[in-house]
Amino acid sequence: MSRDHVQSAERPTDDGAAPPGDAEAPFLDLLARGATADAYEQPVLRARAEGRPAERIAALEHAKLLALRVRAELEGRRRREAELSALFETAHDLAGLRDVDAVLQAIVQRARSLLGTDVAYLSLNDPARGDTYMRVTEGSVAARFQQLRLGMGEGLGGLVAQTARPYVTDDYFRDERFRHTTTIDAGVRDEGLVAILGVPLMLGPHVIGVLFAADRRARVFEREQIALLGSFAALAAAAIDTANLLTETRSALADLEHANEIIKDRSGVIERASDVHDRLAELVLRGGGVHDVAAAVSEVLDGTVEFTEADAAPAEALEASRAEGHAVPHRDGWIAAVTAGGELLGALVLRGHPGLDPVDQRTLERAAMVTSLLLLARRSAAEAEQRVRGELLDDLLDARDRDPRLLRERAARLRADLDATHVVLAARLDTAAPDADQEADARRRLWSAASHLAATRQGLAAARDGGTVLLLPLAPGDTATDLARRTARHLGTAVHEPVTVGASAPVAHPAADPDAVVAGYEEGRRCLDALRLLGRAGDGAAAEDFGFLGLLLAGDRDIGGFVERTIGQVVAYDARRGTDLVRTLDAYFACGMSPARTKDALHVHVNTVAQRLERVGRLLGDDWQSPARALEIQLALRLHRLAGPAQS
């Protein structure tokens with residue numbers, strides 16, 4: 001907008017007053033142009049210089065504040081979008097990991113750019129030397145700083161590593177919370193750093209390094225910036241973990257190559273070993289699965305090789321293979337335990353080949369090793385996806401002001417549709433653990449099983465309140481009750497313990513209405529507590545299963561829904577036919593369910609009462625006079641009467 005246009009927009013009417021809405025015009029133009037914050041003072045200053053009325057200046061001041069607030073909100077959203085874009089780009093780099101140094105360098109560069117710091121750097125622990133060293137730096141100019149090695153527990157990084165928590169200092173040299181050393185202080189002084197933020201790199205419960213962002217001036221890091229750097233640290237740890245898995249895979253392939261060299265003097269064995277080596281190498285490099293490995297080894301060994309879960313393999317032979325670290329004969333075949341770090345993951349079972357020479361036995365053992373690495377890699381990827389699903393569900397439950405569009409985009413990447421109808425389910429174990437460690441392990445197993453179920457059902461799952469919460473889509477023709485019972489059975493089977501599941505009423509469009517998700521979770525928890533109080537541990541149910549008790553469990557007290565489900569057909573019949581079935585039911589229960597007294601109360605013949613009650617039976621079912629149904633019907637009649645117009 002030109003200066004003349006702005007001035008004409010500010011020109012008062014003939015009576016000295018500005019046109020309605022005229023005060024906002026210059027600021028809308030500034031918003032559209034993406035002007036700096038200082039530019040928003042110009043319309044007010046110009047109005048004062050021109051001697052405009054006080055009312056006009058006050059209106060401009062008010063419009064300025066509103067415009068600045070909108071500008072700040074837009075800036076915040078642009079910044080958050082940039083942060084999410086950087087995180088997704090980094091995750092994409094990690095998915096195609098070839099060079100871990102390149103991925104870590106990109107993480108540090110993006111962290112520095114988004115936080116707007118002078119320097120960003122990453123240090124890793126060196127278990128062999130018992131200290132910490134600089135792995136990647138960005139923005140650093142001091143050679144001594146780039147070559148620093150820190151003893152364990154020294155400096156700000158040592159404090160982060162000891163506590164496994166982020167720490168920030170506004171003034172490094174005046175901060176006494178951590179141990180200063182001459183070497184570290186000299187390096188920091190050479191670099192000229194003042195404000196430093198450090199967050200831990202975690203692999204499971206272990207700190208393997210620290211990611212830093214630092215400025216050469218005093219600065220206060222905001223909570224969102226600390227969380228953002230923590231997200232980059234999680235990706236850096238995943239990159240290092242993936243690189244370690246790739247290294248182990250390459251090591252396994254190297255072992256296969258060594259076995260191939262040993263048998264060069266036997267041409268037939270050479271061909272078989274070479275064949276299995278090539279097949280397994282190709283499978284690993286193109287991302288094959290454990291069953292692909294079994295199929296490849298089957299062809300090479302001229303037998304049938306299958307991967308089985310640990311509980312499906314012969315226990316005695318499996319334990320012998322695990323203890324010896326070699327394949328062992330079993331009946332007409334062989335068994336090779338698939339293990340990783342002492343954990344038993346399954347077994348490769350060779351059938352139809354009772355006699356194996358040492359080279360073929362070694363081939364089967366190496367295939368078991370490659371299988372374990374593939375399983376670990378798949379587990380790592382699954383756990384990363386589970387964490388992302390849990391974070392999205394946490395945002396729905398805790399940060400209800402999230403942009404629905406961003407929620408939908410994040411869900412789409414997980415193959416979830418947050419515009420479909422879902423059910424919120426609260427799940428909890430019902431077996432008391434003897435100690436805290438076993439209880440924590442049981443909760444982790446429940447969360448893992450729930451996350452796997454959510455992934456297969458295009459839903460979400462997160463650990464919460466000592467249990468697990470799931471958000472699962474509701475299939476057409478399905479009910480919340482059916483879904484709760486299936487989920488309880490599935491989770492109970494997966495963790496080998498009873499799991500109780502309470503379900504909410506269906507929630508439409510969760511992305512657009514996070515409050516409904518929160519209310520659904522509370523309803524599911526109340527339903528879960530009711531199941532446990534009623535002695536139905538290990539079962540699943542929704543609030544609608546409890547009849548009128550569901551009114552007490554439901555978060556929104558759906559009285560109309562209860563009345564409709566209980567006597568809705570009778571009310572609708574009266575409305576269509578002009579009959580008095582509802583009034584007859586009221587009188588019948590009021591007269592102690594006596595047709596004779598009911599006919600006196602209604603002043604009709606007893607046959608008329610019988611005919612009406614027969615009609616009620618056809619509408620409500622033959623069991624409508626059973627104690628449980630009669631109680632619900634009487635309550636529904638009372639609520640229907642109270643909800644109707646006042647009687648004169």
To the nearest 0.5 angstrom, please state how far the [atom1] atom of [X] sits from the [atom2] atom of [Y].
| X | Y | atom1 | atom2 | answer |
| --- | --- | --- | --- | --- |
| D417 | H422 | CG | NE2 | 6.5 Å |
| S451 | L446 | OG | CG | 9.0 Å |
| L197 | L156 | CG | CG | 8.0 Å |
| H206 | L203 | NE2 | CG | 8.5 Å |
| I57 | E61 | CD1 | CD | 8.0 Å |
| I184 | R179 | CD1 | CZ | 8.0 Å |

Could you check L115 against L228 for side chain to side chain contact (heavy atoms under 4.5 Å, CB included), going step by step and ending with a plain yes or no? CA-CA 8 Å; L115 269 68; L228 175 61; 3.4 Å; yes
Can you confirm whether [X] sits close enough to [Y] that some side-chain heavy atom of one is under 4.5 Å from a side-chain heavy atom of the other?
| X | Y | answer |
| --- | --- | --- |
| V423 | L470 | no |
| D131 | M152 | no |
| V199 | V160 | no |
| I208 | I240 | yes |
| T487 | L472 | yes |
| V424 | R525 | no |
| D398 | R464 | yes |
| I107 | V136 | no |

Can [X] and [Y] be counted as an ion pair, charged N to O under 4.0 angstrom?
| X | Y | answer |
| --- | --- | --- |
| E154 | R149 | no |
| R216 | E191 | yes |
| R219 | D215 | yes |
| E50 | R46 | no |
| R135 | D126 | no |

Compare every heavy atom of [Y] with every heavy atom of [X], then report the nearest pair and how far apart it is.
| X | Y | value |
| --- | --- | --- |
| A120 | V108 | O-CG1, 3.3 Å |
| C527 | A542 | SG-C, 3.6 Å |
| A214 | Y121 | CB-CE2, 4.2 Å |
| A236 | L201 | CB-CD2, 4.0 Å |
| V119 | S140 | CG1-N, 4.2 Å |
| A503 | L425 | CB-CD2, 4.0 Å |

Run the numbers on Y167 and F212 for ring-ring contact (aromatic ring centres under 6.0 Å, His included), then give the verdict. CA-CA 10 Å; Y167 270 86; F212 299 90; over 10 Å; no
Within the distance-only criterion (no hydrogens, no angle test), does the side chain of [X] pair as donor or acceptor with the backbone N or O of [Y] below 3.5 angstrom?
| X | Y | value |
| --- | --- | --- |
| S113 | Q109 | no |
| T456 | H452 | yes |
| Q458 | P473 | no |
| E522 | A519 | no |

Show, in sequence, the C-alpha distance, side-chain angles and deciding distance for V507 and D513, and conclude whether the side chain to side chain contact (heavy atoms under 4.5 Å, CB included) test is met. CA-CA 9 Å; V507 178; D513 191 8; 5.9 Å; no
Salt bridge (Lys or Arg N to Asp or Glu O under 4.0 Å) partner of R217, chosen from D171, D170, D118: D118
My understanding is that only residues two or more places apart in sequence, or in another chain, count here; which of them pass salt bridge (Lys or Arg N to Asp or Glu O under 4.0 Å) with E55? none
Check salt bridge (Lys or Arg N to Asp or Glu O under 4.0 Å) between D419 and all other residues, then give those that pass, not counting sequence neighbours. R408
Polar contact flag, side-chain donor to acceptor under 3.5 angstrom, N125-Y133: no
Evaluate the criterion side chain to side chain contact (heavy atoms under 4.5 Å, CB included) for residue pair T137 and M134; output intermediate values, then yes/no. CA-CA 7 Å; T137 64; M134 289 288 188; 4.3 Å; yes
I'd like to know whether CZ of R174 has more than 12 heavy-atom contacts from other residues, nucleotides or ligands below 6.0 angstrom. no
Within a radius of less than 6.0 Å around NE2 of H509, do more than 12 heavy atoms belonging to other residues, nucleotides or ligands occur? no
The test is side chain to side chain contact (heavy atoms under 4.5 Å, CB included); show your working for L124 and V210 and say whether it passes. CA-CA 7 Å; L124 291 180; V210 180; over 6 Å; no
